[in-house]
Amino acid sequence: MHIRRLSLHNVRRFDSVEFAPQPGINLITGDNGAGKTSVLEALHVMAYGRSFRGRVRDGLVRHGLEALDVFVEWDEQRAGAESPTRRKAGLRHSGQDWKGRLDGEDVAQLGNLCAALAVVTFEPGSHALVSGGGEPRRRFLDWGLFHVEPDFLALWRRYSRALKQRNALLKQGGHPHALDAWDHELAEAGEPLTSRRQHYLDKLQDRAVSLAQDLAPNLGMQSLNLSPGWRKQDLSLSDALLLARDRDRLAGYTSVGPHRADWSVGFASIPGRDALSRGQAKLTALTCLLAQAEDYAEQRGEWPVIALDDIASELDRTHQARVLDRLRTGPAQIFITATETPTALEGRSDITRFHVEHGQVQPVP
């Protein structure tokens with residue numbers, strides 16, 4: 001995927017800005033607070049439906065205005081096609097409501113819009129993928145499956161609907177027969193959903209371990225391990241739901257199942273994520289994200305867009321060089337933000353440069 005045009009309106013400090021990134025590395029520089037990160041945020045919102053800094057309504061819409069608008073035009077190499085297909089997507093988001101269009105048609109579900117544009121983002125909060133709670137790790141797995149397995153979204157939605165219905169019944173003290181029906185539905189969707197996650201994580205493990213040896217050999221990454229959300233080795237999901245029913249009635253929510261799943265990274269000499277330094281957590285997260293991008297490229301036949309926010313602050317010079325050396329040898333389009341040119345890119349003429357100042361993004365000759 002190569003983005004050809006990106007337009008932002010009412011995104012943080014930007015009134016209206018448009019620029020044309022190029023294939024390869026696009027370096028966006030500017031002072032702190034100039035708005036560099038907002039460019040990547042807008043791209044992330046189009047690809048994920050939310051900002052990596054939080055909810056859209058928490059400051060992403062320019063102060064005093066009703067909604068932001070993002071428009072992206074990109075080339076996509078479809079399987080079997082001789083030349084890329086030009087695609088267009090637009091999103092208007094108020095923080096409460098949204099409207100989207102994809103290739104000239106209205107979009108009814110935000111997930112369908114997000115499925116069109118694939119962006120892998122590494123930013124200052126990405127260490128939470130390793131050191132934070134389970135939700136970002138579940139999102140990580142499901143994003144990968146969402147993009148490489150066409151029927152995964154329908155399976156995920158089926159499980160989510162059943163979970164919502166079961167939780168509502170638990171809060172109401174629902175009849176056992178009604179709970180039986182939703183337990184069955186949860187198990188019918190949850191078991192295959194978990195199998196997909198396990199298979200996907202197994203694939204990523206080999207790629208991530210190999211990648212870590214090149215990018216961060218001192219980590220000693222050895223494995224990626226799934227915790228499915230119930231004692232799968234002992235019980236079927238249907239039995240686990242039945243055994244947990246009395247406890248769930250008291251709590252008012254479903255305590256077992258894929259929505260409680262998690263995964264962890266195993267290391268040769270680090271006992272677990274709680275023992276990781278912040279720098280080690282960042283390197284581990286970046287390794288997993290790049291492994292996911294490589295898997296996407298293998299499965300789909302084209303790379304997702306790679307967005308690296310404030311890389312000079314997040315990685316030391318040695319790791320910056322290793323990451324950028326690996327990325328720039330491939331076909332991926334890359335966006336990098338920094339206050340100044342990272343050491344690994346100094347003196348290079350094969351990158352496209354932009355500068356952010358006074359609410360504008362200007363090309364640098």
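Quantities reported herein were computed from a predicted structural model and do not represent experimental measurements. Note: hydrogens, waters and symmetry copies are ignored here, and every other heavy atom, side chains too, is used. Position 1 is the first residue of the sequence; numbering continues from there.
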Considering residues, nucleotides and ligands other than [X], do more than 12 of their heavy atoms fall under 6.0 Å from its [atom1]?
X: Q299; atom1: CD; result: yes
X: W98; atom1: CH2; result: yes
X: E18; atom1: CD; result: yes
X: E346; atom1: CD; result: yes
X: K232; atom1: NZ; result: no

Are [X] and [Y] close enough for a salt bridge, meaning some N to O gap below 4.0 Å?
X: R326; Y: E294; answer: yes
X: R328; Y: D325; answer: yes
X: K36; Y: D31; answer: no
X: D180; Y: R245; answer: yes

Find out whether [X] and [Y] are in side-chain contact, i.e. whether some heavy atom of one side chain is under 4.5 Å from a heavy atom of the other.
X: H127; Y: L276; value: no
X: V11; Y: V45; value: no
X: Q165; Y: E185; value: no
X: V323; Y: L290; value: yes
X: L110; Y: L91; value: yes
X: D316; Y: H319; value: yes
X: S38; Y: R62; value: no
X: P258; Y: L163; value: no

Contacts of E73 meeting salt bridge (Lys or Arg N to Asp or Glu O under 4.0 Å) (sequence neighbours excluded), chain-then-number -> R5, R86
Partners of R166 by salt bridge (Lys or Arg N to Asp or Glu O under 4.0 Å), sequence neighbours excluded? D183, D248
In terms of hydrophobic clusters joined by side-chain contacts under 4.5 Å, are [X] and [Y] together?
X: L345; Y: L327; answer: yes
X: I351; Y: V39; answer: yes
X: W182; Y: W156; answer: no
X: M46; Y: L60; answer: yes
X: I3; Y: Y296; answer: yes

Nearest non-hydrogen partners of [X] and [Y], listed with the distance:
X: V120; Y: Y48; answer: CA-OH, 4.0 Å
X: A162; Y: L186; answer: CB-CD2, 3.8 Å
X: A216; Y: L283; answer: CB-CD1, 4.2 Å
X: P304; Y: A293; answer: CD-O, 3.6 Å
X: P342; Y: I311; answer: CG-CG2, 4.2 Å
X: D214; Y: R322; answer: O-CD, 3.7 Å

Could you walk me through whether V356 and F14 pass the side chain to side chain contact (heavy atoms under 4.5 Å, CB included) check? CA-CA 10 Å; V356 180; F14 291 120; 3.9 Å; yes
Would you tell me whether T337 and D309 have side-chain atoms, one donor and one acceptor, within less than 3.5 Å of each other? yes
Does either side chain, that of H199 or that of D202, offer a donor lying less than 3.5 Å from an acceptor on the other one? no
Rounded to the nearest 0.5 Å, how far does [atom2] of [Y] lie from [atom1] of [X]?
X: L289; Y: I306; atom1: CG; atom2: CD1; result: 8.5 Å
X: R196; Y: F152; atom1: CZ; atom2: CZ; result: 7.5 Å
X: Q292; Y: K203; atom1: CD; atom2: NZ; result: 10.5 Å
X: L243; Y: S255; atom1: CG; atom2: OG; result: 10.5 Å
X: Q77; Y: S83; atom1: CD; atom2: OG; result: 7.0 Å
X: L241; Y: L179; atom1: CG; atom2: CG; result: 10.0 Å

I'd like to know if the side chain of [X] reaches the main chain of [Y], judged simply by a donor and an acceptor atom lying under 3.5 Å from each other, with no hydrogens or angles considered.
X: Q333; Y: Q22; value: yes
X: S210; Y: D206; value: no
X: E302; Y: M1; value: yes
X: Q205; Y: S223; value: no
X: Q362; Y: E357; value: no
X: R137; Y: L129; value: yes
X: R260; Y: W230; value: no
X: R197; Y: D142; value: no
X: N225; Y: W263; value: no
X: N167; Y: T254; value: yes

Verdict with reasoning, R353 to T341, per side chain to side chain contact (heavy atoms under 4.5 Å, CB included): CA-CA 9 Å; R353 300 171 186 269; T341 301; 3.0 Å; yes
Check step by step if salt bridge (Lys or Arg N to Asp or Glu O under 4.0 Å) holds for R101 and D106. CA-CA 4 Å; R101 287 179 66 80; D106 290 339; 2.6 Å; yes
Steps toward side chain to side chain contact (heavy atoms under 4.5 Å, CB included) verdict (L324, I336): CA-CA 10 Å; L324 294 178; I336 298 172; 3.5 Å; yes
Before giving the answer on side chain to side chain donor-acceptor pair (under 3.5 Å), spell out for D262 and S227 the whole-Å C-alpha distance, their side-chain angles and the decisive distance to 0.1 Å. CA-CA 5 Å; D262 202 350; S227 300; over 6 Å; no
Taken in chain and number order and not counting sequence neighbours, the residues that satisfy side chain to side chain donor-acceptor pair (under 3.5 Å) with E314 are K282
Test E123 against E41 for side chain to side chain contact (heavy atoms under 4.5 Å, CB included), laying out the working first. CA-CA 10 Å; E123 43 83 24; E41 271 190 284; over 6 Å; no
Parallel, tilted or perpendicular: rings of F19 and F354 (30°, 60°): perpendicular
